[in-house]
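The basis for the numbers below is simple: all heavy atoms, side chains too, and nothing from hydrogens, waters or symmetry mates.
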Amino acid sequence: MAKNLVIVESPAKAKTIEGFLGKDYVVKSSFGHVRDLVKKGMGVDVENDFAPNYEVQEDKKNVISELKKLSKSAEKVWLASDEDREGEAISWHLSEVLDLDKKKTCRIVFHEITKNAILDAIAHPRDIDQHLVNAQQARRVLDRLVGFELSPVLWRKIKPSLSAGRVQSVAVRLIVDREREYNDFRSVSAFRVLAEFITPRNQSLHAELQNRFPEFGDAEKFLRACDQATFNVENLDIKPGKKSPSAPFTTSTLQQEASRKLGFSVAQTMSVAQRLYESGKITYMRTDSTNLSDLALNTAADTILKMFGKAYHQRRQFRTKSKGAQEAHEAIRPTYLSNPNVEGDAQEKKLYDLIWKRTMASQMSEAQLEKTTVTIGISNSPEKFIAKGEVIKFDGFLKLYIESADEEEQDGAEGILPMTIPGELLNMDHMDAIEKFSLPPARYTEASLVKKLEELGIGRPSTYAPTISTIQNRGYVEKGERDGVKRALRLISLKNHMVKISEKHENTGSDKGKLLPTDIGMVVNDFLIAHFPGIVDYHFTATVEKEFDDIAEGNLSWQNMLKKFYGQFHEQVSQTIENSDRAKTDRLLGTDPNSGKNVYAKIGRFGPMVQIGENTDEEKPRFSSLQAHQRIETITLHDAMELFKLPRSLGSYQQKEVTVSAGRFGPYVKWGDLFASLTKEDNPLSIGIDRAIELIEIKKQKDQDKLIRVFDGNPDVKILKGRWGPYLAHKKENFRLPKDAVVESMSLEDCLKIIGSNSSAKSKAASSKPVAKASAPKKKSTTAKASKGSSKSVKKKK
DNA sequence: CAGTGAGCGAGCTTCCGCTTGACTT
C-alpha cells in the first residue's frame with residue numbers, strides 16, 4: 001500500500017505527476033468539485049447565517065469511495081488541487097468528505113507540471129486557507145441565491161422554466177443592447193476618392209483623398225475639377241515603427257483566434273484542446289494566465305535559436321490583463337516547444353499549429369518597420385491625397401505569427417511605395433469616387449462575446465463555452481442564418497478626361513453566425529432591468545469580486561457580505577412578486593385595413609405571433625406565427641399583414657391540393673397528409689408550385705428511405721431507420737430493438753411483444769414513481785432518460 | 001418528432017464552476 005496519496009483535479013495531470021514521484025506516491029484525481037449545494041431546493045439556510053447544505057454529487061460517489069479507501073490506508077494525504085478559490089474549496093470539501101485526519105493531511109500547490117515544481121511543492125506544504133474557502137462559499141451561495149430566487153419570479157411573471165443568473169443574464173443583456181444599437185443605427189454614406197498616379201519613373205502610386213464627400217454632387221464636381229489639375233509630391237515622410245507579439249494563449253484568446261483563423265466554434269475549440277491536453281501535447285486549456293514556466297521559456301529560446309538564429313529571440317514574460325484572473329495554471333502552450341507539429345486529426349493539427357506559433361512568437365523579437373506617407377497636393381484645390389506604405393525591415397516574430405483582428409477594416413497601409421521626390425509632378429492615371437456606407441455596431445459572435453465577458457470579469461475559463469450554450473438552449477439567443485441583402489453603391493470615375501457614373505453592389509446586413517436576441521430574450525432582459533437593475537448591471541460581478549477578495553484576505557466575513565447583499569435583494573424579489581404585473585409582450589402595430597381591427601405582435605402559447613382583433617372579441621382573432629428572423633420589436637404592420645396571406649394554395653399536384661403555411665416548426669408545404677419543411681432559402685410568401693413539388697418529392701423519398709419494414713397484419717407497427725439504427729414505431733411511440741435483433745427475420749408478434757412490455761402507458765400505471773428497475777435491467781424508465789437528456793441539452797418545449 | 005392557437009390545480013422548472021466520459025430515438 002502506498003505511503004502517500006496525492007489528489008489533483010484532473011486525471012491527465014494525475015498521470016503525469018505520478019511519473020515524477022516515486023513508487024511511494026499514488027496520484028489520483030477528484031475530477032473537479034466533489035460536493036455542491038443540494039440539487040433540490042435552495043440548499044442555503046438563510047435564517048441560519050446562510051449555512052450551506054452540501055451533498056456529494058451523484059456522479060462523484062464512486063470517486064469519493066475510492067479516495068476514501070486509499071486515504072484511510074495512506075500515511076499522508078496531499079491535497080494538490082489548483083491554487084485558486086475553487087481549487088482551495090475542492091481541497092476543503094475533500095478533507096471534509098474524506099474525513100481526513102488533520103495531522104496527516106497537507107495542502108500543496110504548484111503552477112507548472114514539472115518534476116522540480118512538484119518536488120518543491122512537496123517540500124513546502126501548508127494548511128488549507130479557510131479564508132479563501134470562505135470566499136468560494138460566498139461565491140457559490142450568492143450564485144445560488146440569485147439564480148434560484150430570480151428564476152421563479154420569471155416563471156410567475158413571464159413563463160415557466162425560464163432562468164436568470166449573475167452570468168447568463170448579463171451575457172443576454174450585452175446581446176440585447178447591441179441589437180438595439182444595431183437597429184437604431186442609421187447608415188450614412190460618403191464618397192471616398194481613390195486615385196492612381198504615375199511617377200516620373202513610370203511607377204504606379206495608389207493614394208486616397210484625405211476627406212470624403214458626403215454629397216454626390218460635390219464628389220462629381222471635385223473629379224471634374226481634378227481633370228484640369230496638376231498633382232505634385234508635397235511631402236514625403238518616412239518613420240520607423242515596430243510591432244510586438246501578443247501574449248501566449250489563455251482560454252479566451254485561444255477561443256477568439258481559433259474562431260477568426262480556423263472558424264471553430266467556442267465549444268469546438270475546447271473539445272479539440274481537451275484532446276490535445278489528454279494526449280499530453282499541450283498544457284491545461286482552461287486558464288486565465290499568460291505566464292510561461294522557466295522550462296518553457298528555455299525550450300522556446302533553444303528552439304528559436306536553432307530554427308531562426310539569435311536575432312529572432314527575445315525572452316518575455318507577460319502580465320495578465322484580465323479582471324479577476326486567478327492564475328492557477330500556465331498559459332496554454334505546447335508541452336514540448338521543440339515539436340512544431342503533432343500527430344492527430346486535421347482539427348487537432350490546426351489548433352496545435354496555432355498554439356505552437358503563438359507561443360513561439362511570444363518569445364521572438366519585435367518586427368522593425370518603415371512607414372512611409374506621401375502627401376500629394378492638387379493645383380486647384382486645398383484637398384490632399386495620401387499614399388501610405390509599410391515596409392518590413394526585419395520580420396522578427398512576424399515570421400511565424402500574425403494575430404487577426406475582429407473587423408477586417410483594411411484601410412491601413414500595405415506594401416512598398418515607389419520612390420518619390422518631394423516637389424516632383426505626378427501624372428494622374430485615373431480616379432474613382434466610391435460611395436461608402438458607415439457600418440453599424442458589430443453584433444456579437446461567440447468569440448467576441450467571450451472577449452467582452454472576460455473584459456468585464458464575468459464568467460471563468462471553464463464556463464465561457466457552457467454559458468454560450470445556456471443562453472441559446474434557454475431560447476434567449478439564436479445564431480443568425482440570413483445572408484445580407486444587396487445594396488447599390490454609386491460610383492463616379494474619371495479616366496482619359498471622361499467622367500462616368502455607374503453603380504456597384506455590395507452585400508450588407510448578413511447576420512450569419514452572429515448572436516441575436518429572441519423575443520423572449522428581450523422580454524426577460526427588459527423585465528430584469530426594470531426590477532433588478534443591480535443584478536444585470538455590467539459591473540455587478542466586478543463589485544462582488546472585490547468583496548470576495550476581501551473575504552479571501554480575511555478582512556470580511558462571508559456571512560456578513562451575504563447578509564448585506566441578500567437583505568436588499570430579497571426585498572426586491574418580494575416586491576416584484578407582490579406588486580409587478582405580468583410582463584406585457586403585446587405591441588400594437590396598427591389597424592387591419594380590411595376589418596379595421598387592431599393588429600398586435602406578441603408572444604403566444606407557441607412562440608411569437610401576430611394577431612388581428614382582440615382576445616375578448618366574439619369572433620376569434622386571426623393568428624399567424626412570425627418567421628424565424630422576425631422580431632416583435634421590429635416587425636412592421638406591412639410585414640404582419642403579409643403573414644396573414646398564409647396558408648396559401650399553390651394549386652394541385654397529382655389531384656391533391658398543395659398549400660403552404662407556417663407552423664410551430666417553421667414554414668411548410670402540405671400535400672395530402674404529407675408535410676415538408678421549407679429550407680432556409682425558401683420564402684413561404686413567394687414560393688411557387690414547382691419548388692413546392694420538389695420539396696414534396698424529396699420528403700416522399702426520405703419517408704420511404706426511413707421505412708424498413710411494415711407488416712400486413714398491422715399497419716401501425718413499423719420498423720424505421722433512425723440516427724442510431726433501426727427502431728420500432730407504434731402509433732406515436734418509439735421503442736428500441738433488442739441488441740441481438742435481426743430486423744429481416746422479426747415477426748409481427750416479436751414486435752408486439754416489445755411494444756407490450758415497454759409501452760409507457762403501461763409502465764406509468766404500474767409505477768408512478770421511478771421504482772428500482774430490478775426486474776428488467778435492460779429496460780430504461782422514461783423518467784431516467786428524461787433527466788439524463790435535460791442535463792445535457794434542454795431543448796424540450798412540450 | 002409535428003403541423004396547434006389555452007386559463008379548476010399536479011408537480012416541475014432554476015444558478016455558477018470544477019472536472020470527464022456516457023451513449024442517445
Side-chain angles (χ1 to χ4, degrees), chain A residues 8-13 29-37 39-44 57 59-60 63 81-82 84-87 89-90 93 136 139-155 159-169 271 274 278 284 286 328 458-464 466-467 470 474 541 604-607 609 611 615 620-625 647 659 661-670 673-677 720-729 732-737 780 785-786 788-794 796-798:
Chain A
V8 295
E9 287 182 40
S10 125
K13 204 171 176 180
S29 154
S30 76
F31 295 84
H33 274 297
V34 294
R35 200 167 72 153
D36 190 18
L37 294 174
K39 255 172 68 185
K40 288 252 171 280
M42 192 59 76
V44 178
Q57 290 144 253
D59 56 336
K60 298 298 162 56
V63 177
S81 48
D82 298 344
D84 57 14
R85 202 160 64 201
E86 299 297 328
I90 289 174
H93 281 299
Q136 194 273 347
R139 198 282 303 157
R140 181 67 192 92
V141 169
L142 180 129
D143 281 336
R144 172 58 69 89
L145 290 171
V146 169
F148 276 34
E149 291 216 358
L150 229 40
S151 302
V153 179
L154 300 181
W155 306 343
K159 76 174 205 188
S161 303
L162 295 175
S163 67
R166 175 176 58 82
V167 172
Q168 58 168 290
S169 297
S271 106
Q274 176 89 30
E278 281 172 10
Y284 196 57
R286 289 185 276 264
I458 298 170
R460 305 277 310 128
S462 66
T463 60
Y464 296 136
T467 299
T470 302
R474 293 269 171 273
T541 291
R605 174 85 174 76
F606 299 101
M609 61 170 192
Q611 171 181 336
N615 289 340
K620 266 191 149 191
R622 290 185 65 196
F623 300 102
S624 180
S625 50
T659 54
S661 191
R664 173 73 193 89
F665 304 95
Y668 62 94
V669 274
K670 186 167 185 244
D673 50 10
L674 179 141
F675 294 87
S677 291
L720 302 176
K721 190 163 78 185
R723 269 187 294 172
W724 299 283
Y727 68 97
L728 188 58
K732 307 251 152 164
E733 280 191 285
N734 297 321
F735 307 89
R736 54 195 304 170
L737 297 175
K780 287 195 177 160
K785 231 178 272 172
K788 194 128 210 174
S790 65
S791 74
K792 212 162 183 180
S793 70
V794 188
K796 296 215 163 156
K797 274 196 177 158
K798 250 196 90 177

Hey, is the main chain of A:Met609 close enough, under 3.5 Å, to the side chain of A:Ser625 for a donor-acceptor pair?
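Side chain of A:Ser625 to backbone of A:Met609: no pair is present.
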Mind checking if [X] touches a base, just sugar-phosphate, or nothing, with heavy atoms under 4.0 Å?
X: A:Gly32; result: base
X: A:Gly459; result: sugar-phosphate
X: A:Pro621; result: nothing
X: A:Gln274; result: sugar-phosphate
X: A:Ala89; result: nothing
X: A:Val146; result: nothing
X: A:Leu162; result: sugar-phosphate

Choosing from [options], which nucleotide comes nearest the side chain of [X]?
X: A:Phe623; options: B:dA6, B:dC18, B:dT4; value: B:dA6
X: A:Ser151; options: B:dC15, B:dT4, B:dA6; value: B:dC15
X: A:Lys60; options: B:dT14, B:dT20, B:dC18; value: B:dC18
X: A:Ser625; options: B:dT14, B:dT20, B:dG5; value: B:dG5
X: A:Ser10; options: B:dT13, B:dG17, B:dT20; value: B:dT20
X: A:Asp82; options: B:dA6, B:dT14, B:dC18; value: B:dC18
X: A:Gln168; options: B:dT19, B:dC15, B:dT13; value: B:dC15
X: A:Asp84; options: B:dC18, B:dT14, B:dC16; value: B:dC18
X: A:Arg286; options: B:dC15, B:dT19, B:dC16; value: B:dT19

Between B:dT25 and B:dT4, how many Å separate the two P atoms, rounded to a whole number?
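These two P atoms come out 26 Å apart once rounded.
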Which value, in whole Å, describes the distance between the P atoms of nucleotides B:dT24 and B:dG3?
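These two P atoms come out 27 Å apart once rounded.
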Could you check whether A:Phe148 and the base of B:dT14 form a stacked pair, meaning centres closer than 5.5 Å and planes differing by less than 30°?
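Stacking between A:Phe148 and B:dT14: present.
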Using the aromatic ring of A:Trp155 (for Trp, its six-membered ring), decide whether it stacks on the base of B:dT13 within the limits of 5.5 Å and 30°.
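Stacked: ring centres under 5.5 Å, planes under 30°.
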Go through the N and O atoms of the side chain of A:Ser161 and the base of B:dT13, and report whether any donor-acceptor pair is under 3.5 Å.
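Answer is yes: a donor-acceptor pair is held.
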Is there a donor and acceptor pair closer than 3.5 Å between the side chain of A:Arg144 and the base of B:dC16?
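Donor-acceptor pair under 3.5 Å: no.
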Could you tell me the separation between the [atom1] atom of [X] and the [atom2] atom of [Y], rounded to the nearest 0.5 Å?
X: A:Asp84; Y: A:Ile90; atom1: CG; atom2: CD1; answer: 8.0 Å
X: A:Asp143; Y: A:Arg166; atom1: CG; atom2: CZ; answer: 4.0 Å
X: A:Arg35; Y: A:Ser30; atom1: CZ; atom2: OG; answer: 13.0 Å
X: A:Gln168; Y: A:Thr463; atom1: CD; atom2: OG1; answer: 11.5 Å
X: A:Thr541; Y: A:Arg139; atom1: OG1; atom2: CZ; answer: 10.5 Å

Would you check if A:Glu149 and A:Met42 make a side-chain contact, meaning some heavy-atom pair closer than 4.5 Å?
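A side-chain contact under 4.5 Å exists here.
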Min side-chain heavy-atom separation A:Lys13-A:Asp82 under 4.5 Å:
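Of all side-chain heavy-atom pairs linking A:Asp82 with A:Lys13, at least one is under 4.5 Å.
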When you check the side-chain N and O atoms of A:Gln57 and A:His33, is any donor under 3.5 Å from an acceptor?
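No - no donor-acceptor pair under 3.5 Å links their side chains.
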What residues, two or more places apart in sequence or in another chain, satisfy salt bridge (charged side-chain N to carboxylate O under 4.0 Å, His left out) together with A:Asp36?
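Salt bridge (charged side-chain N to carboxylate O under 4.0 Å, His left out) list for A:Asp36, sorted by chain: A:Arg140.
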Please report, rounded to the nearest Å, how far the [atom2] atom of [N] is from the [atom1] atom of [X].
X: A:Gln57; N: B:dG17; atom1: CD; atom2: P; answer: 15 Å
X: A:Arg85; N: B:dT19; atom1: CZ; atom2: P; answer: 14 Å
X: A:His93; N: B:dT19; atom1: NE2; atom2: C1'; answer: 14 Å
X: A:Ile458; N: B:dG17; atom1: CD1; atom2: C1'; answer: 15 Å
X: A:Lys39; N: B:dC12; atom1: NZ; atom2: P; answer: 13 Å
X: A:Lys13; N: B:dT19; atom1: NZ; atom2: C1'; answer: 11 Å
X: A:Glu86; N: B:dG17; atom1: CD; atom2: P; answer: 8 Å
X: A:Asp36; N: B:dC16; atom1: CG; atom2: C1'; answer: 9 Å

OP1 or OP2 of [N] versus the side-chain N and O atoms of [X]: is any pair under 4.0 Å?
X: A:Thr463; N: B:dC16; result: no
X: A:Arg474; N: B:dT14; result: yes
X: A:Lys40; N: B:dT13; result: yes
X: A:Arg166; N: B:dG17; result: yes
X: A:Tyr464; N: B:dG17; result: no

Nearest-nucleotide 5' precedence on DNA chain B, A:Pro160 against A:Arg139:
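Closest to the 5' end, via its nearest nucleotide, is A:Pro160.
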Tell me which of A:Ser462 and A:Thr470 sits closer to the 5' end of DNA chain B, going by the nucleotide each one is nearest to.
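Result of the comparison: A:Thr470.
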Would B:dC8 be called syn or anti, given that syn covers angles within 90° of 0?
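Base orientation relative to the sugar is syn.
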Which nucleotides of DNA chain B pair, in dot-bracket form (Watson-Crick or G-U under 3.5 Å, | meaning another strand):
.........................
For A:His93, give me all partners under ring pair (Phe, Tyr, Trp, His ring centres under 6.0 Å), at least two apart in sequence or on another chain.
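Per chain and number, A:His93 pairs via ring pair (Phe, Tyr, Trp, His ring centres under 6.0 Å) with A:Tyr54.
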